[in-house]
Amino acid sequence: MHRLVAVVFALCCAMSTAAEVTLNTNYLHVEIPLPPILSNLDPIPENIGLAGVLTGLKDNQTTGRFLDQKYELTETYVPEGEDPLVAAKALLATSPYLILNAPAEVQMAIADLPEAQGALIFNTSSGSISLRDGECRTNLLHTLPSDAMRTDALAQVFVKKRWTDLVMITGTHPQDVAYAQAVRQSLTKFGLDLAGEKEWAFDADMRRNASQEVPLFTQDFGDYDAMILADELHDFGRYVLYNTWEARPVTGSEGLSAVTWSPVIEQWGAAQLQSRFEKANDRQMTSVDYAAWAAMRTLGEAVTRTNAADPETLRNYILSDAFELAGFKGRPLTYRDWNGQLRQPIAIVHPRALVAQAPLDGFLHQVNELDSLGLDRPESTCEAFQ
Amino acid sequence: MIRTTLAALLLTTTANAGEIWVTNEKDDTVSVISTETLEVIKTYETGERPRGITFSKDFSLLYICASDSNAVQVMDPNTGKILHDLPSGEDPEQFVLHPDDRHLYIANEDDAITTVVDTQTRKVVAQIDVGIEPEGMAVSPDGKIAITTSETTNMAHWIDTETQELFANTLVDSRPRHAEFVKDGAEMWVSSEIGGTLTIFDTATQAEMGKISFEVQGVHPDRVQPVGFEFTAGDSHAFVALGPSNHVAVVNAETYEVEDYILVGRRVWHMDFNEDRSLLFTTNGVSGDVTVIDVAKREAIKSIKVGRFPWGAAFRPTN
């Protein structure tokens with residue numbers, strides 16, 4: 001309550017004086033080696049994340065023009081093998097606002113730097129559940145949904161469609177293992193079971209022999225309602241579709257997927273964001289681009305409404321009830337004040353269309369239906385935000 | 001029950017012959033509904049993705065924002081023929097006709113621009129930089145002020161129509177969608193879709209006078225999203241489309257209190273009245289129909305199937 005009053009006070013009085021406000025933000029991309037995958041079809045764009053930040057920056061600048069508020073961005077790439085903490089320290093010395101595209105452990109290390117205390121850092125690239133749980137940091141907000149939010153969304157689809165007999169194929173990369181673990185937790189949360197689980201153990205090139213190997217590999221699952229793939233690097237999953245022994249839907253990392261963002265989202269004004277992004281970048285917007293856009297827009301929205309540029313005012317506003325971000329998902333997006341996660345609907349898509357949007361109708365919640373996705377207040381062991 | 005109501009209506013509205021024209025965003029057509037029979041009597045083809053729709057003052061010309069054709073089309077409503085296109089800037093979404101019956105103020109959604117077009121010379125008179133995703137458009141009754149609302153910038157931009165320059169920018173809640181001048185221009189109302197509110201401004205000072213929120217029983221507040229709104233005779237009440245909550249709210253324009261909620265079709269978007277404002281026609285995008293509301297009784301009396309994703313609505317008298 002006190003916080004809200006303070007925000008309103010800051011707003012009214014700052015607006016009347018109309019002093020110029022400038023927000024400098026840094027974007028830090030830590031490059032990581034990616035293991036080879038079978039298909040060459042979908043290269044990862046070089047400017048993934050940055051393109052989203054720049055789209056958000058332009059949105060902020062346009063709004064700022066009318067309010068005498070300026071936005072500036074500096075982008076920094078840390079090549080493989082170099083120490084990201086050195087770069088992070090240098091950036092934090094220039095601005096308390098840091099948008100990160102980096103692995104979870106690097107993000108934790110950056111958030112723990114003495115230079116980062118009192119800073120406002122955005123995670124736009126890691127779905128790690130622990131970052132929203134026991135390993136949360138008070139100065140680290142998350143615009144990318146946690147893995148749990150995405151797998152909870154998928155579990156809601158299973159419940160709704162009564163696909164209760166489920167099997168899973170899991171890859172061996174850490175991201176696959178983490179996703180598979182999130183799937184297991186979500187199934188438990190929504191009262192579902194896994195009837196079978198196998199590890200993907202092929203080293204052959206599936207582009208040539210998927211039609212021979214996959215039927216045999218999936219035959220011993222017997223009958224089931226739907227198959228879940230934990231293949232977050234998109235290595236083998238695409239070759240499983242239409243090659244399974246039983247003709248059943250494939251979901252998870254491929255097929256029917258729960259995602260942050262997808263080019264197939266066109267409702268809720270999303271077509272405008274997609275077309276702005278595509279015009280500027282000659283490619284389609286990915287989930288990481290969206291999360292990066294949302295981080296930049298979060299800062300912009302907070303500056304617009306408070307006319308302030310100090311991290312304490314902005315952080316308080318962002319975590320208050322007054323904050324809402326119009327994120328082209330049909331509902332206002334807000335932050336969970338127990339772990340810094342941006343609440344948001346999750347799109348259930350296949351490559352050609354939006355199938356549904358979670359939370360699905362009927363999944364109720366005593367406070368906010370969006371909190372049926374991911375770690376709810378009683379579930380999260382994050383204490384940094386208290 | 002509905003039939004008897006309808007019969008009674010038919011008797012009372014014969015002096016009110018007219019048509020409601022509805023743009024079907026995903027069918028590239030306009031549907032024409034008779035306000036007497038409450039049936040679709042004609043369907044005409046338009047350019048791509050028709051959204052904003054309005055008539056010239058004497059109803060002899062129909063203007064249509066054909067968004068994906070990047071043009072405002074001018075149609076002869078008596079024949080359904082497209083007479084010509086007007087230059088409109090890119091992606092025209094919504095527009096408003098100046099009281100001079102000559103200048104169209106057009107929101108170019110993809111370009112952060114408001115374009116002013118002279119419908120007689122068919123030339124662009126001015127382009128004004130506004131916020132991201134301009135949409136709502138209004139002109140004051142005296143013609144001196146035009147308003148553009150921008151969805152991502154979350155502002156109402158106040159344009160001096162003499163200089164075609166902005167003279168004020170006022171923040172509103174998230175995703176402003178529609179603007180109207182009310183009470184002879186003394187007040188200017190703006191709806192905010194994601195913010196879930198209507199903001200009322202004093203036109204003279206551009207200061208905020210009030211804010212209206214909505215609460216629909218059984219619908220999460222996040223889904224209550226005000227979009228289009230229109231006023232009853234004498235500006236006593238506003239009927240407000242609440243988007244995916246599938247309700248229209250009735251707001252007392254004096255007390256700013258919400259008096260009623262009326263269940264209509266899915267994703268209710270824009271609306272217009274018949275001539276004596278006894279009936280209101282709302283476009284329902286997702287259900288692909290138009291709901292007819294008996295204004296006095298505040299009841300939905302009929303659904304009329306139109307094309308896919310009906311968006312805008314405009315009335316013209318035929319007697």
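A, B, ... follow the sequence lines: proteins, then strands. Residue 1 opens every chain.
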[X] [atom1] to [Y] [atom2] distance, which is reported to the nearest 0.5 Å:
X	Y	atom1	atom2	value
B/R175	A/E324	CZ	CD	12.0 Å
A/F66	B/S150	CZ	OG	6.5 Å
B/M155	A/L67	CE	CG	3.5 Å

Does [X], at its [atom1] atom, have more than 12 non-hydrogen atoms belonging to other residues, nucleotides or ligands within less than 6.0 Å?
X	atom1	value
B/K144	NZ	no
B/D160	CG	yes
B/E215	CD	no
B/Q206	CD	yes
A/K161	NZ	no
A/K58	NZ	no
B/E208	CD	yes

Is there a side-chain contact between [X] and [Y] (heavy atoms, below 4.5 Å)?
X	Y	result
B/Q225	A/W268	no
A/E369	B/D222	no
B/I194	A/R331	no
A/T304	B/N154	no
A/R65	B/D129	yes
B/T152	A/E301	no

Of the listed B/P221, B/A168, B/A112, B/G195, the one with the largest count of heavy-atom pairs under 4.5 Å with chain A is B/G195
Which heavy atom in A/D59 sits nearest to a heavy atom in B/I132, and how many Å separate them? OD1-CD1, 3.5 Å
Heavy-atom pair with the smallest gap, counting every atom of B/D91 and A/Q272: OD2-NE2, 4.4 Å
Non-hydrogen atoms of chain B under 4.5 Å away: do they reach the side chain of A/N368, the backbone, both or neither? both
Report yes or no: do A/S275 and B/D110 form a side-chain donor-acceptor pair below 3.5 Å? yes
Cut-off 4.5 Å, heavy atoms of chain A, and the answer for B/R223 is side chain
